[in-house]
Amino acid sequence: MQIVMYHNTRCSKSRQTLQLLQERGVEPGIIEYLKTPPNSEMLERILAMLGMEPRELMRTKEKVYRENGLDNPSLSRDQLIAAMVEHPVLIERPIVINGERAALGRPPENVLAIL
């Protein structure tokens, strides 16, 4: 089973997480999620693996979060996931997946628990 990493090359935490994996001999499959965003089904799987709700995986300080009124508490789970699919910049990163387990690399050392 290959380890997969949702990666943003411009993010320091994402780069640090990749380096940490490589230092342990792991070469993950890289998905540059800003270019190839996960679909809603994949986001549902990722959220389940992380044990998180959509808003917990959202970058709430992004301009697009405010512009789209995503802080509205009446928005449904499906609406929040749809917003992340449409605006992948909202997805917190990096996310590392190993089989049926996932970890958010904040801090990067979090991903060691799923290796």
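Since we're looking at a predicted model, the values are computed, not measured. All heavy atoms count here, side chains included; hydrogens, waters and symmetry mates do not.
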Mind checking the [atom1]-[atom2] spacing from [X] to [Y]? Nearest 0.5 Å is all I need.
X: Lys13; Y: Leu18; atom1: NZ; atom2: CG; value: 14.5 Å
X: Met84; Y: Gln79; atom1: CE; atom2: CD; value: 12.5 Å
X: Leu20; Y: Leu112; atom1: CG; atom2: CG; value: 4.5 Å
X: Ile81; Y: Ile46; atom1: CD1; atom2: CD1; value: 10.0 Å
X: Met49; Y: Met42; atom1: CE; atom2: CE; value: 4.5 Å
X: Arg93; Y: Met5; atom1: CZ; atom2: CE; value: 10.5 Å

Closest non-hydrogen atom pair between [X] and [Y], with its separation:
X: Glu100; Y: Arg45; answer: OE2-NH2, 3.5 Å
X: Ala103; Y: Ile114; answer: N-CD1, 3.8 Å
X: Gly105; Y: Val111; answer: CA-CG1, 3.9 Å
X: Ile91; Y: Arg59; answer: O-CD, 3.4 Å
X: Ile97; Y: Gly99; answer: CG2-O, 3.6 Å
X: Thr9; Y: Arg15; answer: O-NH1, 3.0 Å

Regarding Asn72 and Ser74, do their side chains bring together a donor and an acceptor under 3.5 Å, going by distance alone? yes
ILVMFWY network linking [X] to [Y], side-chain heavy atoms under 4.5 angstrom:
X: Met58; Y: Tyr6; value: yes
X: Ile30; Y: Ile95; value: no
X: Leu34; Y: Val64; value: yes
X: Ile31; Y: Ile3; value: no

Step by step, would you call Asp78 with Glu44 a side chain to side chain contact (heavy atoms under 4.5 Å, CB included)? CA-CA 9 Å; Asp78 288 345; Glu44 283 282 9; 4.0 Å; yes
Any side-chain to backbone donor/acceptor pair from [X] onto [Y]? Under 3.5 Å, distance only.
X: Ser40; Y: Ala82; result: no
X: Glu56; Y: Glu53; result: yes
X: Arg55; Y: Leu70; result: yes
X: Asn98; Y: Arg101; result: no

Below 4.5 Å, heavy atoms only, C-beta onward: do [X] and [Y] meet side chain to side chain?
X: Glu32; Y: Asn8; answer: no
X: Val96; Y: Val4; answer: no
X: Asn110; Y: Pro107; answer: yes
X: Pro54; Y: Leu47; answer: yes

